[in-house]
Amino acid sequence: MQLLLIHSDYIEYDVKKSTPVAEKIEESFRSGRLDEALAAFMAVEKGDESAVDEIISRTVAEIRNVAGQVKAENIMIYPYAHLSPNLSSPKTAVSVLKSVEKELSGDFNVKRAPFGWYKAFRISCKGHPLSELSRSIVPEGKSISSGEAVAAEGEKEELVSEALKAESTARSYWHILTPEGELLNIDDFDFTGHENLQKFVNYEISKQRAVERAPPHVELMRRLEIADYEPGSDSGNMRYYPKGRLIKSLLENYVLEESYKVGAMEVETPLMYDMEHPSLKNYLDRFPARQYSIESDKRKMFLRFAACFGQFLMNHDMTISYKNLPMKMIEMTRYSFRREQRGELVGLRRLRAFTMPDMHSLCKDMEQAVEQFNEQYNMCISVLDNVGIRVDDFEVAVRFTRDFYNENKDFLTNLAKTVKKPVLVEMWDTRFFYFILKFEFNFVDALAKASALSTVQIDVENAERYDISYIDIDGTAKRPVILHCSPSGAIERCIYGLLEKEAMRTEAGEVPILPLWLSPTQVRVIPISDKHMDFAMKVAEQLDCRVDIDDREDTVGKKVREAGREWVPYVVVLGDREVETGRINVTIRSESRPDRPKKVEMTAEELNARVRSETTGMPYRGLPLAKLLSARPKFL
RNA sequence: GCCUCUGUGGCUUAGCGGUAUAGCGGCUGAUUCGUAAUCAGCAGGUCGGGGGUUCAAAUCCCCCCGGAGGCUCCA
């Protein structure tokens, strides 16, 4: 218990916003004021939980004592989290605060500010020698708790701790795991030749930030007419223009197709859920995200931040045999909602509404889970590669408990071997989260910031929480182990990755381009003058891909420049020569340098074959805009 | 959420106490053109929103909204 006591002329507060742990309060409780009051700011700590009664009585005694010395008759009990880095559960805190209030109220005029709300307060401190005092009260027989001590306690208690809090109290041991199987301390690892990993490690551990400029993808997403901010919505909710919608749709379909290939069943589940549903309520506390909450009649609902709920609730009602395992389900969540803090939102990197493939695999046991984990690890590599994000473009983080490491060294080393480079390891002594093993592929952007794309987690908690079981060969019901997998990570984040990657390539003197299968225009036909339009139409018809025609009344130079600004992979300029020979002149962007365009003469059929070979196996959709550029509106 | 910076026609932007610059884009006309921007004219702005100071505000002050950076991530 941390106590800060201030003898004041007055203290007053009024509540602003509720936090997820806010206690329910009546209207009269929303603001309060006491004159000539002793204000007791307090934070109930983790270590207090094992000795609640002792803490209450000693706190009461301390306040009583000080109040007596300064001759205060009024006491304001004010919950103040910032006094301690190791907070107790909200439940405990509220009960302690209420008890303290009750104990004191016999002899004093006591008021209590509500717990779990953002509050504005004004205080006028008297400034005499006894007017400001702080006290730290720790249960007898205990030294001040260190992170580790706290962690050990956290393990014992049942589900009261929340993931967000766990993250701050969990003691992490950071290492680098090499493909040779060495587990090195960060300081002992030579990062030469692994500069990107260095950036990632800096970002992840020391939270070093080097930059002050806006991320380059923000300008690109707008200039390429992919996506834009929508001030008419909440921050972090974007609008997608036709080209952006096309790209998203192709990516979404691709990831779904890949999931079908590994046997996943696509489902669709609701966007909003009842806040009071027992399993969900409980799970909310275990997931480090903030929710959007909405009210519908009398019910309080929250918007999903992933597809877990929907699928788990479905799994709960299913009859599942061991013969069905591993059983996979996927949903392309459009959208997943997370009410990230405003300062954390940036372009397409961090959003409040985003599209995420969320796949869950029910596994018989840990052995099968680990096997699946490995398969999905490889699947994720392949998915990102086809999206256009290579192994070289991301860094791997693997997180697990010490026990898991000791029992699965070879398996974990294999993960590093697979990507042929060292990976970052975060190890915990005990498990704080719902998962026991997790990996992420982290894209490191032009500003050395890292964000997670693909991820797989082995979940050992939720089968129990949602009462999901399968019938084993011996006829008994058993809990499956559940894998969470997002093969690509958020779709918007893939686009962010691609744009940031191209921004980096541009800086390195290369020509930026999107993968052909994702390019909104794959071939741009530019007739030199009106009289070549018929021929242009004919050529366009022969091409079996997203072809458009720049029929505007501009000079060839200008049209070529614009095609370049749009990153069009193949540009075909048509004039008298081509009409005569029937062959076409193609500028191949992927093989061009900024000062040296690569131009090749070929037939329409040859270009067709080329496009086909570069896009085989990938989803296709037609042009998202009018074929003739003169018929297209401008989005900005 | 906090701190700092920022917000001028669709876009980029000048002006920073005397009611507004220019380029791109759009429209009209001329030009029919061989690979990074053809020429001319026209239209378009209650300077993010609201309040205040002043004879006078895009310019100074306050509040709100959006954006960027940093910090922070439940009482």
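Residue numbers start from 1 in every chain, and the chains themselves are labelled A, B, ... in the order their sequence lines are given, proteins ahead of strands.
Base-pair partner of B:rA14: not found among the strands shown (Watson-Crick or G-U wobble, both distances under 3.5 Å). Pairing for B:rC60 goes to B:rG52, judged as Watson-Crick or G-U wobble with the two contacts each under 3.5 Å. The partner of B:rU38 is B:rA30, judged by Watson-Crick or G-U wobble contacts that both fall below 3.5 Å. Searching all strands for a Watson-Crick or G-U wobble partner of B:rG66 with both distances below 3.5 Å returns B:rU6. Base pairing of B:rU19: no nucleotide in any strand meets the Watson-Crick or G-U wobble criterion (both distances under 3.5 Å). Pair assignment for B:rC47 gives none, since no Watson-Crick or G-U wobble pairing has each distance under 3.5 Å.
Nucleotides B:rG9 and B:rG50, compared at atom P, are 15 Å apart to the nearest Å. Separation of the C1' atoms belonging to B:rG44 and B:rC27 is 10 Å when rounded to the nearest angstrom. A distance of about 37 Å separates the C1' atoms of B:rG67 and B:rU28, rounded to the whole Å. If you take atom P in B:rC39 and the same atom in B:rU32, they sit 15 Å apart, rounded to whole Å. For the P atoms, the distance from B:rG66 to B:rA57 is 28 Å, rounded to whole Å. The gap from the C1' atom of B:rG10 to that of B:rG45 amounts to 12 Å, rounded to the nearest Å. Look at the P atom in both B:rA58 and B:rG70: the space between them is 34 Å, to the nearest Å. Taking the C1' atoms as reference points, B:rC60 lies 30 Å from B:rG23, given to the whole Å.
Of the listed residues (A:K501, A:E502, A:E500), just one forms a side chain to side chain donor-acceptor pair (under 3.5 Å) with A:H217, and that residue is A:E500. Just one of A:R577, A:E606, A:R583 meets the side-chain contact (heavy atoms from CB on, under 4.5 Å) condition when paired with A:E601; it is A:R583.
Close to B:rU35, at under 4.0 Å from its OP1 or OP2, lies no side-chain N or O of A:T555. At least one side-chain nitrogen or oxygen of A:K449 sits closer than 4.0 Å to the OP1 or OP2 atom of B:rG70. Between A:R222 and the phosphate of B:rU12, there is a side-chain N or O to OP1/OP2 separation shorter than 4.0 Å. Residue A:K558 places at least one side-chain N or O closer than 4.0 Å to OP1 or OP2 of B:rG25.
Contacts of A:V218 with the nucleic acid, taken as non-hydrogen atoms under 4.0 Å apart, are absent. A:Y78 comes within 4.0 angstrom of no nucleic acid atom, judged by non-hydrogen atoms across all strands. Base engagement by A:V573 is indicated by at least one non-hydrogen atom pair under 4.0 Å involving a base atom. Residue contacts shown for A:E562 are absent, as no nucleic acid heavy atom lies under 4.0 Å away. Heavy atoms of A:L345 sit under 4.0 angstrom from primed sugar atoms or phosphate atoms, though from no base atom. At the heavy-atom level, A:K559 lies nowhere under 4.0 Å from the strands shown. Residue-level contact check: A:G575 touches the bases, meaning some heavy atom is under 4.0 Å from a base atom. As judged by a 4.0 angstrom heavy-atom cut-off over every strand, A:E578 is placed among the base-contacting residues. Residue-level contact check: A:G232 touches neither bases nor backbone, having no heavy atom under 4.0 Å from any strand.
Between A:R342 atom CZ and B:rG66 atom P there is a gap of 5 Å when expressed in whole angstrom units. Look at CG on A:L574: it is 15 Å from P on B:rC33, rounded to the nearest Å. In this entry the distance linking CZ of A:F635 with C1' of B:rC11 reads 15 Å, nearest Å. Note: CZ (A:R349) to P (B:rG67) measures 16 Å, nearest angstrom. The distance from atom CZ of A:R561 to atom P of B:rU38 is 9 Å, rounded to the nearest whole Å. At whole-Å resolution of the value, CZ in A:R565 and P in B:rU12 are 12 Å apart. Rounded to whole Å, the distance from CG on A:L351 to C1' on B:rG67 is 14 Å. Rounding to whole angstrom units, CG of residue A:D530 and C1' of B:rG34 are separated by 15 Å.
Between the side chain of A:E344 and the base of B:rG70 there is no donor-acceptor pair of N/O atoms closer than 3.5 Å.
Of the candidates B:rA68, B:rG66, B:rU72, the closest approach to any side-chain atom of A:Q341 belongs to B:rU72. Here the side chain of A:K634 is nearest to one of B:rG25, B:rA68, B:rU35, namely B:rG25. Comparing B:rG67, B:rC33, B:rG69 by their nearest atom to the side chain of A:S235 picks out B:rG67. Between B:rC11, B:rG34, B:rA68, one nucleotide has an atom nearer to the side chain of A:I528 than all others, and that is B:rG34.
Position along RNA chain B of the nearest nucleotide to A:V586 versus A:P114 favours A:V586 as the more 5'-ward residue.
Looking at A:Q522, its side chain does come within 3.5 Å of a backbone N or O of A:L516 through a donor-acceptor pair. Here the side chain of A:R546 pairs a donor or acceptor atom with the backbone of A:P520 at under 3.5 angstrom. Here the side chain of A:R589 pairs no donor or acceptor atom with the backbone of A:Y570 at under 3.5 angstrom.
The side-chain tip of A:R493 does not point at the ring of A:F443 from less than 6.0 angstrom away and within 45° of straight on.
Sorted by first then second residue, the salt bridge (charged side-chain N to carboxylate O under 4.0 Å, His left out) pairs that include residues 225-236 of chain A, not counting sequence neighbours, are A:R222-A:D228, A:E225-A:K243, A:E230-A:R239, A:D234-A:R352.
Ring-centre distance between A:F302 and A:F337: not below the 6.0 Å cut-off.
Ionic pairing of A:E562 and A:R552 is present here: one or more N-O contacts between side-chain nitrogen and carboxylate oxygen are shorter than 4.0 angstrom.
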